[in-house]
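Read through the structure below, which is laid out as structure tokens, and then see the notes.
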There are 2 protein chains.
Amino acid sequence: MKSGRVTLAHVAAVAKVDRAVISRVVNNDPTLNIRPETRERVLAAVAALGYRPNVAARSLRTARAHMFGLFIPDFANPVYAEIIKGAEAAAAALSYVLVTGSAAGAGLGGYIDLLGQGRIDGLLLAGAEEEAGLLEQLDRATVPWIMLNRRSPSVKRYVILDDERAARLAVEHLVGLGHRRVGHLAGPVGADTALRRSAGYSAAMRDAGLPDGPVVAADYTPAGGAAAMTALLADPDPPTAVFVANVASAIGAMESARAAGLEIPRQISMVAVHDLDLASYLAPPLTTVRMPLAELGRRGVALLGSLKLDESVEEVLDGPIELIVRLSTAPPYMA
Amino acid sequence: MKSGRVTLAHVAAVAKVDRAVISRVVNNDPTLNIRPETRERVLAAVAALGYRPNVAARSLRTARAHMFGLFIPDFANPVYAEIIKGAEAAAAALSYVLVTGSAAGAGLGGYIDLLGQGRIDGLLLAGAEEEAGLLEQLDRATVPWIMLNRRSPSVKRYVILDDERAARLAVEHLVGLGHRRVGHLAGPVGADTALRRSAGYSAAMRDAGLPDGPVVAADYTPAGGAAAMTALLADPDPPTAVFVANVASAIGAMESARAAGLEIPRQISMVAVHDLDLASYLAPPLTTVRMPLAELGRRGVALLGSLKLDESVEEVLDGPIELIVRLSTAPPYMA
DNA sequence: CTGAAAGCGCTTACAG
DNA sequence: CTGAAAGCGCTTACAG
């Protein structure tokens with residue numbers, strides 16, 4: 001029995017009812033009045049033949065693909081892995097399929113094209129660079145789309161995390177340990193998350209009555225963090241602690257600190273945003289701020305399922321943000 | 001102009017030809033004889049209206065979804081990121097969409113169900129655990145599927161990497177440095193890649209005229225590596241070097257070695273399979289063996305595109321495997 | 001060189 | 001309570 005070949009007609013023939021009835025039983029149509037024994041017969045035939053509704057036919061008829069898209073820049077970034085996990089779970093709960101794509105495929109443009117083809121019923125854009133014409137392309141779309149973890153000035157469709165609060169938590173931890181000269185490895189220039197984390201850093205410093213320490217922009221990669229940390233340590237008055245905007249940057253920054261002969265945390269403390277499994281196994285284990293990334297993915301999908309086409313969302317996700325203290329932070333050596 | 005709403009009929013009206021002609025122009029039907037000016041008119045109308053063929057209608061008619069599936073256990077494992085990247089690129093080259101899913105979604109069973117629904121034209125299974133009934137479910141499928149990076153005794157459909165060669169390369173490097181007592185952190189029991197890497201380890205040791213050192217199984221995670229390394233170091237005659245089957249395990253193993261007071265590489269050398277960006281930033285930077293993972297994904301998709309339904313594949317991918325020497329390996333201290 | 005027609009497999013408003 | 005019918009938007013063998 002080749003399962004892909006069984007159609008409603010086959011099931012109807014076996015169950016001795018019309019195809020319409022099979023369809024309504026399979027889809028749990030609440031307006032269907034049916035004798036229990038008929039329903040049983042239908043279900044038995046469905047099971048016996050291994051009937052699976054053909055998605056293409058259903059989509060054509062209902063104009064719904066039962067699929068959502070999620071675009072990310074790069075699968076290698078573990079931050080997205082967490083987002084995907086939440087989005088996948090939420091999609092599965094709605095009986096939707098999540099198709100996650102990165103720039104390595106057809107690119108963002110090709111991805112948005114899936115909307116035009118009717119392949120997906122909604123699109124989540126996580127950390128995508130803004131390219132000319134894409135927003136325009138999106139605006140012509142007939143299905144909802146939402147930016148994840150990133151705002152854009154011209155767009156009233158996003159859900160983000162409370163990056164400012166995360167940054168404050170990290171800085172307050174450092175200040176609480178006695179640090180007064182606290183540097184900041186900010187994210188890439190122009191990145192929305194970087195802006196918000198930097199704002200949190202400055203706010204927390206101000207609240208503590210301290211001036212900002214040295215600030216250097218760094219890509220969210222080990223290489224970016226390494227280069228930025230080297231620059232930061234060249235400051236005439238180097239900090240005793242650094243708040244790093246991203247954990248991948250922090251991994252590179254730790255290496256630069258070691259290369260400069262600094263012992264972590266004795267001579268320099270470090271704390272970074274986003275917790276990874278890996279953080280416990282670094283040398284020394286890295287203090288981090290854990291953000292609800294899976295929840296972000298989950299929420300994005302839920303919104304896609306409920307949002308009206310022209311409805312706007314501007315949401316800061318209210319989830320648990322917690323400091324995870326490991327061994328990369330300590331009181332300043334010469335406090 | 002809502003792009004999702006333009007159909008062949010609209011384009012046909014504008015271009016003043018039949019819908020069939022539009023379809024054949026859009027699909028580059030080679031059997032179509034058409035006057036150049038007519039083709040121009042059609043193309044102009046397509047562009048002007050922003051026509052995009054409806055995928056559901058096309059799939060229903062042609063019984064092809066133009067979509068491939070890739071199932072992985074977990075997006076957080078960076079090894080899969082690399083495979084996805086290659087698979088995405090290959091799919092895009094075929095104008096196919098790749099839908100990658102993990103166990104966090106509907107699970108492998110739900111994933112295989114996509115086949116039954118006609119949603120995908122082929123499925124790649126990367127490192128999936130074998131569950132009862134799933135192979136049976138797959139055998140009923142009417143589209144090709146292939147196991148990636150993993151064989152199964154009952155299945156003649158796989159493409160794998162040359163794990164044995166990778167292992168030999170690593171062990172020969174250690175032996176070349178002068179190590180004679182070489183331990184092995186093997187992968188999880190039952191994992192096919194682990195078996196092949198262990199075979200390579202033993203073969204290389206035998207070729208060097210050396211007996212196997214202590215061998216401990218370890219999950220492909222930092223935690224698994226950490227636990228296994230602790231066990232291995234308890235050996236009455238501990239090794240001066242360790243070949244670790246997986247880079248994630250190695251990260252945990254390095255931490256255990258440090259915790260045991262061992263300096264890497266002075267007191268113990270370590271080399272692991274799979275290269276990551278991260279490896280350069282560990283303390284010390286980790287010597288690895290780089291495997292062609294993206295190529296594996298690419299090859300899997302290419303096979304899906306060309307394989308007959310009942311054709312078998314048993315392929316060991318012939319791609320570059322190279323040792324990347326960093327600072328975690330050195331001659332033994334007391335050679 | 002171009003058009004008319006059938007049909008892929010569903011869902012749904014309607015008839016009885 | 002169940003069936004007959006239309007139609008979603010395409011592709012393709014065929015007619016002319």
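Labels below follow one simple rule: chain letters A, B, ... track the order of the sequence lines, proteins then strands, and each chain is numbered from 1. These values consider heavy atoms only, across backbone and side chains, with no hydrogens, waters or symmetry-generated copies.
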Checklist entry - What does C/dA4 pair with, Watson-Crick or G-U, if both distances are under 3.5 Å? => result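 When the pairing criteria are applied, nothing turns out to pair with C/dA4, so the answer is none.
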Next on the checklist: Tell me which nucleotide, if any, is Watson-Crick or G-U wobble paired with D/dA13 when both distances must be under 3.5 Å.
Outcome noted: none
Checklist entry - Can you list the steps and then say if B/Lys85 with A/Asp74 is a salt bridge (charged side-chain N to carboxylate O under 4.0 Å, His left out)? => result CA-CA 8 Å; B/Lys85 208 169 282 194; A/Asp74 186 4; 3.2 Å; yes
Between [options], which nucleotide gets closest to the side-chain atoms of [X]?
X	options	value
A/Arg58	D/dG3, D/dT12, C/dC10	C/dC10
B/Asn33	C/dC1, D/dT12, D/dA4	C/dC1
A/Leu8	C/dG9, C/dC10, D/dT11	C/dC10
B/Ser23	C/dT11, C/dA4, D/dT11	D/dT11
A/Leu32	D/dT2, C/dT12, C/dC8	D/dT2
B/Val21	D/dG9, C/dC10, C/dG3	C/dG3
A/Arg61	D/dC10, C/dT11, C/dA4	C/dT11
A/Arg24	D/dT2, D/dG9, D/dA4	D/dT2

Item to check | Residues, nucleotides or ligands: over 12 heavy atoms within 6.0 Å of B/Asp318 CG | outcome: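 No - once you tally the heavy atoms of other residues, nucleotides and ligands closer than 6.0 Å, there are 12 at most.
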What is the distance, to the nearest angstrom, from the [atom1] atom on [X] to the [atom2] atom on [N]?
X	N	atom1	atom2	value
B/Arg35	C/dC1	CZ	P	7 Å
A/Tyr51	C/dG9	OH	C1'	7 Å
B/Asn28	D/dT11	CG	C1'	15 Å
A/Arg19	D/dG3	CZ	P	12 Å
A/His66	C/dC10	NE2	C1'	12 Å
A/Asp18	C/dT12	CG	P	15 Å

Next on the checklist: I want to check one thing: is the phosphate of C/dG9, taken as OP1 and OP2, less than 4.0 Å away from some side-chain N or O of A/Thr7?
Outcome noted: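 No, no such contact exists.
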Item to check | Contact under 4.0 Å: B/Asn27 side-chain N or O vs D/dT11 OP1/OP2 | outcome: yes
Any base atoms under 4.0 Å from [X], or only sugar-phosphate, or nothing? Heavy atoms, all strands.
X	answer
A/Asp29	nothing
A/Ile34	sugar-phosphate
A/Thr38	sugar-phosphate

Checklist outcome for this item: Sorted by position of nearest nucleotide on DNA chain C, 5' first, the leading residue of B/Ala57 and B/Ala20 is B/Ala20
